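Just below is one structure, and these are the notes that go with it.
Letters go in sequence order (proteins before strands), and every chain restarts at 1. Because the structure is predicted, anything quoted here is derived from the model rather than measured.
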Amino acid sequence: MEKIVLIDGHSILNRAFYGVPDLTNSAGLHTNAVYGFLNILFKILEEESPDYLTVAFDVKAPTFRHEIYKEYKGTRKPMPEELRQQVPALKEVLTAMGIKMMEKAGLEADDILGTLAKKAEKEGMEVSLVSGDRDLLQIATDVIKIRIPKTKGGKTEIEDYYAADVKEKYQVTPTAFIELKALMGDTADNIPGVPKVGEKTATELMVQFGTLENLYTHVDEVGKKSVRESLINNKELAYLSKTLAEINVDSPLDFSFEEARVHDFYTEEAYVVFKKLEFKNLLSRFEKGISNDSIIAGFQMVSGLPEAEEVFGKALESGGEVGFAILKDSTIKNNSSKGGKTGGFAGIALGFDSGRCFFIQCTGLVTEEYLRGKMAEVSSCTKLCCGDIKGAYDYLMCDDTQRFFDVILAAYLLNPLKNDYTIADVANEHLGLMIPEQAQRFGKASLLEALSQKPEEFTQYACFLAYVALKAAPVLREKLDEAGMLTLMNEIEMPLTYVLYDMEKEGILVKPQELKAYGEALTGRISELEQKIYKEAGTEFNINSPKQLGEILFDKLALPGGKKTKTGYSTAADVLEKLAPDHIIVADVLEYRGLAKLKSTYAEGLSAYIGEDNRIHSTFNQTITATGRISSTDPNLQNIPMRMELGRQIRKVFIPKEGCIFTDADYSQIELRILAHMSGDGQLIDAYRMHADIHRITASQVFHIPFDEVTDLQRRNAKAVNFGIVYGISSFGLSQGLSITKKEAAEYIEKYFATYPGVKNFLDKSVKDAREKGYVTTLFGRRRPVPELSSSNFMQRSFGERVAMNSPIQGTAADVIKIAMIKVHQRLKKEKLASKLILQVHDELLIETKKEEADKVQLILEEEMSRAAQLSVRLEIDLHEGNDWYEAK
DNA sequence: AAACTCACG
DNA sequence: ACGTACGTGAGTTTC
């Protein structure tokens with residue numbers, strides 16, 4: 001028997017929209033609903049393998065049936081903008097996939113679907129009708145199956161209804177379902193229904209009387225008086241509702257089943273559209289369809305020394321750029337293999353302009369050392385491009401990044417919002433090429449396992465890395481240039497890769513015994529507090545569990561504070577701090593938490609990263625943050641305690657090596673200074689020229705008080721406002737920060753803006769720019785897209801506004817310190833100093849300084865950091881030195 | 001894997 | 001009316 005699948009377009013799109021978290025492509029187009037729709041579509045197609053397929057749409061609501069009863073229209077909420085823009089996108093996708101669509105002015109999708117379903121039934125087909133709402137249940141029969149997808153926790157399950165299933169679940173036949181609905185009404189569909197009759201009463205009535213006709217014939221038999229009267233008084237309404245609820249299964253439609261016949265959906269056109277929408281999971285469906293055969297034909301594995309020599313010779317002679325990839329497992333430093341070198345090394349891939357690519361396997365005479373030597377030679381005189389160059393420097397020789405180009409880094413600059421960046425992604429987005437991800441090819445196998453198990457697949461993979469790097473480089477350069485970020489790339493990000501590589505390699509020396517002792521010193525107090533808390537609570541429980549803690553505090557002990565999070569009570573510090581003065585147990589919990597954090601995250605956490613050289617080699621990531629900052633992982637050395645004295649003590653275990661001291665330099669209020677510069681606000685610029693405590697000046701100017709009479713409270717408030725401005729001010733946020741009312745906060749903000757009108761102007765302009773262009777930029781051209789601004793959700797939109805205000809400031813600060821790092825690193829090298837830059841903490845640089853170089857290092861830091869950008873205010877530096885990190889801050 | 005909490009700038 | 005300050009990473013519990 002032939003089979004047709006009919007889909008209710010708007011209804012499924014709507015379901016998908018609310019069931020799939022927000023997604024946007026890099027052009028800022030929302031795509032979650034289309035994505036969800038396609039997932040449902042593919043699932044259905046896989047299950048049903050139909051012969052025919054049609055998607056029906058309403059032309060626009062409200063239509064035909066609703067027009068009859070105008071008074072009730074307009075209860076439907078307007079479609080959110082994020083959803084509206086996805087309707088044409090979906091139609092584009094379906095068109096590209098060659099899927100038949102039906103829509104007709106004056107007809108609702110329901111009518112089209114109903115009509116087609118009945119038509120197909122008559123032709124002797126099986127019918128699957130997919131819709132998000134239950135209206136369609138009325139046309140279920142023994143061959144017409146209604147399918148209702150439900151998204152439960154990310155998984156889509158589909159409920160199926162044949163006529164019998166409707167009867168089972170709703171106790172009425174599909175035909176009676178119409179009248180059931182007429183009685184109870186449906187606000188979403190503008191069906192009035194009979195007052196006083198809800199779902200329960202309606203079901204009872206239909207079970208008892210079977211039809212509306214019969215109900216009114218025997219209306220006096222209705223038991224409940226109020227219901228009986230309502231039925232009698234609203235007879236007309238009931239029949240009108242029936243008209244509204246009934247799907248027209250005999251609509252005038254030109255339809256030929258042949259047009260709806262299913263064929264290959266994975267067309268070129270569809271591929272292009274999927275790529276535009278950035279559905280990379282779905283793109284894998286095209287792999288069979290689109291062939292990379294002609295590219296792969298140029299790939300080759302090389303295992304012998306003479307052949308390797310030949311390939312390297314080719315690289316050295318190549319006039320143009322060469323793509324390469326180092327095939328090694330990513331460094332795993334976090335397990336107990338302390339200071340562990342890298343994982344397995346499989347070899348090196350090289351790609352040439354001709355399209356010829358070679359995977360040179362590390363085997364026999366072709367040793368790792370040989371390859372390293374050859375790559376060093378090649379890198380010292382050839383233009384090279386790759387992905388993740390920081391991870392390749394171990395195999396390159398020269399620290400002059402001029403000849404290098406990192407396509408991953410370029411992809412990050414073009415869209416810094418993504419979670420990860422892979423060569424396969426770059427191929428998809430920038431070359432329109434489909435290549436499988438590593439995991440897809442080899443699963444969880446290590447590289448060496450993959451090589452031995454699937455050598456041909458591996459060769460293909462390795463060569464693709466080099467091929468894509470080479471082919472994508474000019475494309476990315478062009479895109480960066482268009483976006484005004486080529487200089488940022490060449491002058492800041494690329495040179496920085498080598499600085500970060502050096503910092504990682506250098507690491508920072510720690511005192512392992514001291515760190516251990518610090519942790520052990522905490523243990524006593526922790527168990528003391530643990531026992532005390534159990535006693536105060538009257539029971540033992542897991543203090544680390546917010547769930548259990550919340551129940552103890554707010555249920556068992558009935559402390560005031562109520563709910564806050566989705567899952568239960570909030571036990572966050574700011575909530576507990578309000579209770580602490582009145583309840584010893586809360587104060588104890590807070591102290592316990594503080595100590596437990598220090599012990600687990602820092603004392604024990606850091607210990608696991610100490611290498612055989614007694615140094616910790618963190619990883620500095622350059623493609624993580626949305627604003628341009630770098631991040632530090634494994635371990636994170638950018639969040640070592642500082643604010644509280646006890647935590648700060650941990651810094652005493654970070655020490656310079658023998659013969660060295662630490663020199664630490666940090667920018668003084670770099671973000672506020674950048675704000676002063678970017679806004680050009682005269683008053684704020686002058687404030688900085690006064691060369692005094694900026695928060696006190698702000699207080700003095702905003703509150704119109706002589707500088708010397710500013711109280712500590714006023715200074716504190718002004719400081720909070722300054723912070724707030726940088727974060728993208730909102731009265732609510734400020735009120736939280738200062739524990740004052742929203743109204744008071746709003747007054748502060750108003751006064752601040754009255755004092756510094758240039759700042760207000762600048763922030764407004766940032767938001768306006770972001771709305772118009774879809775992104776904001778830093779002083780050095782770095783972009784951050786702000787797709788949230790086009791959201792119809794108040795919260796998301798407000799977030800977008802704050803992002804638009806904050807990112808240029810935070811991002812410019814990130815640019816500035818990156819420049820400083822490059823310059824400092826260069827100077828140290830140029831002046832042949834042995835001192836090393838080892839850490840960056842956003843506005844701070846730490847140098848392990850040879851004692852005899854201390855003065856020079858201070859001078860270099862001072863000069864290069866303050867010179868990193870020429871602003872209309874000075875960039876001031878605070879310099880410290882010490883015999884450990886604690887002393888040097 | 002997600003939620004919560006908390007460390008830093 | 002809505003319910004948040006901006007940017008990160010890691011440890012723990014819980015599903």
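In terms of phosphate contacts, A:Arg802 brings a side-chain nitrogen or oxygen within less than 4.0 Å of OP1 or OP2 of C:dC6.
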Go through it in stages, so that I can follow the logic: the residues are A:Thr422 and A:Glu437, the test is side-chain hydrogen bond (donor to acceptor under 3.5 Å, both in side chains), and I'd like the CA-CA distance, side-chain angles, deciding distance and then a yes or no. CA-CA 8 Å; A:Thr422 64; A:Glu437 295 277 356; 3.0 Å; yes
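Consecutive Watson-Crick or G-U pairs involving DNA chain C, each under 3.5 Å on both distances, make up stems of three or more pairs at B:1-9 with C:6-14.
The side chain to side chain contact (heavy atoms under 4.5 Å, CB included) check on A:Ile624 picks up A:Asn621, A:Ser631, with sequence neighbours excluded. Scanning for side chain to side chain contact (heavy atoms under 4.5 Å, CB included) contacts around A:Tyr602 gives A:Lys597, A:Leu598, A:Leu606, A:Asn639, A:Ile640, A:Pro641, A:Ile650, with sequence neighbours left out. In this view, A:Lys765 and A:Asp769 satisfy the salt bridge (Lys or Arg N to Asp or Glu O under 4.0 Å) rule, not counting sequence neighbours. Partners of A:Ser792 according to the side chain to side chain contact (heavy atoms under 4.5 Å, CB included) rule, which considers only residues two or more places apart in sequence or in another chain, are A:Pro80, A:Glu82. In terms of the ring-ring contact (aromatic ring centres under 6.0 Å, His included) criterion, residue partners of A:Tyr421 (sequence neighbours excluded) are, by chain and number, A:Tyr412. Taking the salt bridge (Lys or Arg N to Asp or Glu O under 4.0 Å) definition, one finds that A:Arg802 meets it with nothing, sequence neighbours left out.
Interface residues of residues 713-726 of chain A facing DNA chain C, ordered by number: A:Ala720, A:Gly724; criterion, heavy-atom separation under 4.0 Å. Against DNA chain C, the stretch residues 728-746 of chain A makes heavy-atom approaches under 4.0 Å through A:Ser730, A:Phe732, A:Gly733, A:Leu734, A:Lys742.
Nucleotides B:dC6 and C:dC2, compared at atom C1', are 28 Å apart to the nearest Å. Here the separation of B:dA3 from C:dT4, taken at their P atoms, is 15 Å to the nearest Å. Rounded to whole Å, the P atom of C:dG3 lies 15 Å from the corresponding atom of B:dC4.
Remark: P of C:dC6 and CD1 of A:Ile809 are 13 Å apart, rounded to the nearest angstrom. Atom CG in A:Leu675 sits about 17 Å away from atom P in C:dC6, given to the nearest Å. Between A:Arg797 atom CZ and C:dG3 atom P there is a gap of 13 Å when expressed in whole angstrom units.
Remark: A:Arg783 is positioned above the aromatic ring of A:Tyr775, its terminal NZ or CZ atom under 6.0 angstrom from the ring centre and at most 45 degrees off the axis. Because its NZ or CZ atom is both nearer than 6.0 Å to the ring centre of A:Tyr886 and within 45° of the ring axis, A:Lys652 counts as a cation-pi partner of that residue.
Judged purely by distance below 3.5 Å, without hydrogens or angles, the side chains of A:Thr619 and A:Asp634 never pair a donor atom with an acceptor atom. Of the N and O atoms on the side chains of A:Gln649 and A:Glu645, at least one donor lies less than 3.5 Å from an acceptor on the other residue.
Relative ring orientation between A:Phe654 and A:Trp885 is described as perpendicular, the plane-to-plane angle rising above 60° on a 0-90° scale split at 30° and 60°.
Environment of CD1 in A:Ile584: sparse, with no more than 12 heavy atoms of neighbouring residues, nucleotides or ligands closer than 6.0 Å. In A:Lys516, the NZ atom is not crowded: 12 or fewer heavy atoms of neighbouring residues, nucleotides or ligands sit closer than 6.0 Å.
Between A:Tyr748 and A:Tyr752, a ring centre-to-centre spacing not shorter than 6.0 Å is recorded.
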Sequence neighbours left out, cut at 3.5 Å: what donor-acceptor pairs do the side chains of residues 734-741 of chain A make with other protein atoms?
| residue | atom | partner | partner atom | Å |
| --- | --- | --- | --- | --- |
| A:Ser735 | OG | A:Ser731 | O | 3.4 |
| A:Ser735 | OG | A:Phe732 | O | 2.6 |
| A:Thr741 | OG1 | A:Glu744 | N | 3.1 |
| A:Thr741 | OG1 | A:Glu744 | OE1 | 3.1 |

Would you mind building the protein contact string for nucleotides 8-15 of chain C? One character per nucleotide, 5' to 3', B for base within reach (heavy atoms under 4.0 Å), S for sugar-phosphate only, - for untouched. SBSSSSSS
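When the nearest nucleotides of DNA chain C are assigned to A:Lys564 and A:Val803 by heavy-atom distance, the more 5′-ward of the two goes with A:Lys564.
Here A:Arg643 lies in heavy-atom contact (under 4.0 Å) with a base. Within 4.0 Å of A:Ser570, counting heavy atoms only, lie sugar-phosphate atoms of the nucleic acid but no base atom. Counting non-hydrogen atoms under 4.0 angstrom, A:Ala573 reaches the backbone sugars and phosphates but no base.
Protein chain A touches strand DNA chain B; the 5'-most and 3'-most nucleotides with an atom under 4.0 angstrom of its non-hydrogen atoms are B:dA3 to B:dG9.
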